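These figures come from a predicted structure and were not determined experimentally. Order of appearance sets the numbers: ligands from 1, and atoms from 1 within every ligand.
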Amino acid sequence: MKTIGDFTIESIRNDFPILNQKINGKNLVYFDNAATTQKPTAVINSISDYYNNYNANIHRGIHTLAEKATAEYELTRTCIKDFLNAESNEQIIFTRGVTESINLVARSYGATFLKPNDEVIISTMEHHSNIVPWQMICEEKGAILRIIPINDKGEIIMSEFQNLLSNKTKIVSIVHVSNALGTINPIEEIIEKAHKVGAVVLIDGAQSVSHLEIDVQALDADFFVFSGHKLFCPTGIGVLYGKKEILEKMPPYQGGGEMIKDVSFEKTTYNELPYKFEAGTPNIADTIALRKGIEYLLRIGRKNTAAYENELLLYCTQKLSEYKEITFIGTAEKKVSVCSFIMQGIHPQDIGMILDSEGIAIRTGHHCTQPLMQRFNIPGTARASFAFYNTFEEIDKLYEGIKKVIRMTS
Ligand code: PLP
């Protein structure tokens, strides 16, 4: 029996009730983990526990339920601080996810500090959520968006990045791990180079937090953002980490309750960090559940899960490369468990539909990275992405499923 850390794969799979079901008469094979991950019972139960037992609004109540809800909510902040190795809880801001975190930085930091002809650098492999907010703010401020090219393997060309850097560069915003290719970017080097020209760096950790250990202090990242739902936790909750001195300089992103110290019709003063950026009643239940999901992952151990996921990736790559019809998109030296491919003469959507008839869930299309697809001159890919609850037998089913795809489309 295969084990991951101290746990058998069977016991791990039992922690994810959704996996135990049939789709189109076949056992579900869930290979769409880069889009969203499944949730363990610890996370699911935490949400019903909150609503069954201590639902109350936080921070202002003095009654027992409000105090319990507040304590649980703030415990998650401490958990995230430790998870990212941040210095203090004030640096952890809860948002709806990566998209909102990046918009917050663009609208607050970008709108305040960008001047006409300043430059913002992103890469060719960014998710739309790390492109569009920068396009919007650059247009508004007269700043220029620069794009780092990638090579045919799907790796950032570092010499080109170096060439783009100048004293005009004010913000560099880069994905840590590409959702469409699996590439792990050399963010340590990117951060160091960007700092040399005085730019701040935002790292999109949407795909990295579930696979790699993150130490924001060692990285020296100015901002690091992630979404709970890619990390075996609920949707609708995410995090913005920022360096304290930078967050302090930034104006609030939204106005309302919670983010204020004092309000009068003449003047409002703002709350301290992190509450300055958390206007309104937050997503309390899912914030608490975020901690439960992270604790669950850490019990198994990210080194253990990452090593196993890597074995799955190698096995899948080796099996699928037996098909001459398959071309892999994203063959970087350093990758996480994302296997993106195209098949000669077969539309990715057809691959997805035929595999679904076999109970196999993969993602097809542009993966919210249209400029990246344009770079490879393709409309989209078929993408199988693995988590630690997946198995080698499931990859064998994918292999057989591809046989059916070839049969049915030839
Ligand atoms: N960045 C990357 C690399 C992603 O994979 C995703 C989601 O697919 C996002 C950003 C956006 O995350 P969310 O939709 O949770 O805000």
Side-chain angles (χ1 to χ4, degrees), residues 30-39 43 80 93-107 122-136 147-148 150 154-156 172-187 190 201-212 214 221 223-241 253 282-283 286-287 289-290 293-294 309 329-330 332 334-340 361-373 375 380-387:
Y30 187 77
F31 282 165
D32 196 16
N33 293 288
T36 200
T37 51
Q38 299 301 348
K39 321 302 173 201
V43 168
I80 304 295
I93 294 150
F94 292 121
T95 63
R96 282 191 296 124
V98 164
T99 303
E100 189 177 43
S101 297
I102 297 177
N103 275 279
L104 190 163
V105 176
R107 304 277 5 141
I122 60 173
S123 83
T124 306
M125 69 176 87
E126 300 309 320
H127 188 278
H128 295 164
S129 62
N130 198 26
I131 301 174
V132 185
W134 300 117
Q135 279 178 328
M136 290 162 75
I147 316 294
I148 319 170
I150 58 170
E155 296 165 321
I156 281 179
V172 175
S173 192
I174 295 288
V175 70
H176 193 177
V177 166
S178 158
N179 62 312
L181 309 173
T183 310
I184 303 174
N185 285 320
I187 56 165
I190 289 173
V201 185
L202 182 148
I203 300 297
D204 170 358
Q207 297 292 334
S208 62
V209 275
S210 60
H211 302 287
L212 309 173
I214 308 295
F223 301 104
F224 187 95
V225 301
F226 72 89
S227 295
H229 73 100
K230 312 270 192 197
L231 191 61
F232 316 100
C233 298
T235 53
I237 181 66
V239 168
L240 162 66
Y241 155 86
Y253 163 62
N283 184 352
D286 294 318
T287 308
L290 177 62
I294 289 174
E309 288 161 353
I329 303 293
K334 290 194 174 154
K335 274 188 71 170
V336 300
S337 51
V338 169
C339 185
S340 238
I362 62 154
R363 175 114 336 200
T364 60
H366 55 62
H367 316 295
C368 294
T369 56
Q370 280 183 329
L372 177 65
M373 297 297 117
R375 158 67 179 78
T381 74
R383 179 189 70 187
S385 51
F386 312 117

Applying side chain to side chain contact (heavy atoms under 4.5 Å, CB included), can you list everything that pairs with [X], at least two apart in sequence or on another chain?
X: S101; result: T95, V225, L240
X: S208; result: H176, V177, L212, I214, F224
X: A387; result: N33, F232, E309, Y389, N390

I'd like a table of the close N/O pairs between ligand 1 and the protein (anything under 3.5 Å), one pair per line with both atom names and the distance.
{"from": "ligand 1", "atom 1": "1 (N)", "to": "D204", "atom 2": "OD1", "distance (Å)": "3.4"}
{"from": "ligand 1", "atom 1": "1 (N)", "to": "D204", "atom 2": "OD2", "distance (Å)": "2.6"}
{"from": "ligand 1", "atom 1": "5 (O)", "to": "Q207", "atom 2": "NE2", "distance (Å)": "2.7"}
{"from": "ligand 1", "atom 1": "8 (O)", "to": "H127", "atom 2": "NE2", "distance (Å)": "3.4"}
{"from": "ligand 1", "atom 1": "8 (O)", "to": "K230", "atom 2": "NZ", "distance (Å)": "2.4"}
{"from": "ligand 1", "atom 1": "15 (O)", "to": "S227", "atom 2": "OG", "distance (Å)": "2.7"}
{"from": "ligand 1", "atom 1": "15 (O)", "to": "H229", "atom 2": "NE2", "distance (Å)": "2.7"}
{"from": "ligand 1", "atom 1": "16 (O)", "to": "V98", "atom 2": "N", "distance (Å)": "3.4"}
{"from": "ligand 1", "atom 1": "16 (O)", "to": "T99", "atom 2": "N", "distance (Å)": "2.9"}
{"from": "ligand 1", "atom 1": "16 (O)", "to": "T99", "atom 2": "OG1", "distance (Å)": "2.6"}

Indicate whether any N or O donor in one side chain lies under 3.5 Å from an N or O acceptor in the other, for H127 and S129.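 S129 and H127 do have a side-chain donor-acceptor pair below 3.5 Å.
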
Testing the 3.5 Å rule here: is there a donor-acceptor pair between the side chains of S340 and T381?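 Yes, T381 and S340 have a side-chain donor paired with an acceptor closer than 3.5 Å.
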
Counting heavy atoms not belonging to R96, are there more than 12 under 6.0 Å from its CZ?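 Incorrect, the count does not exceed 12.
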
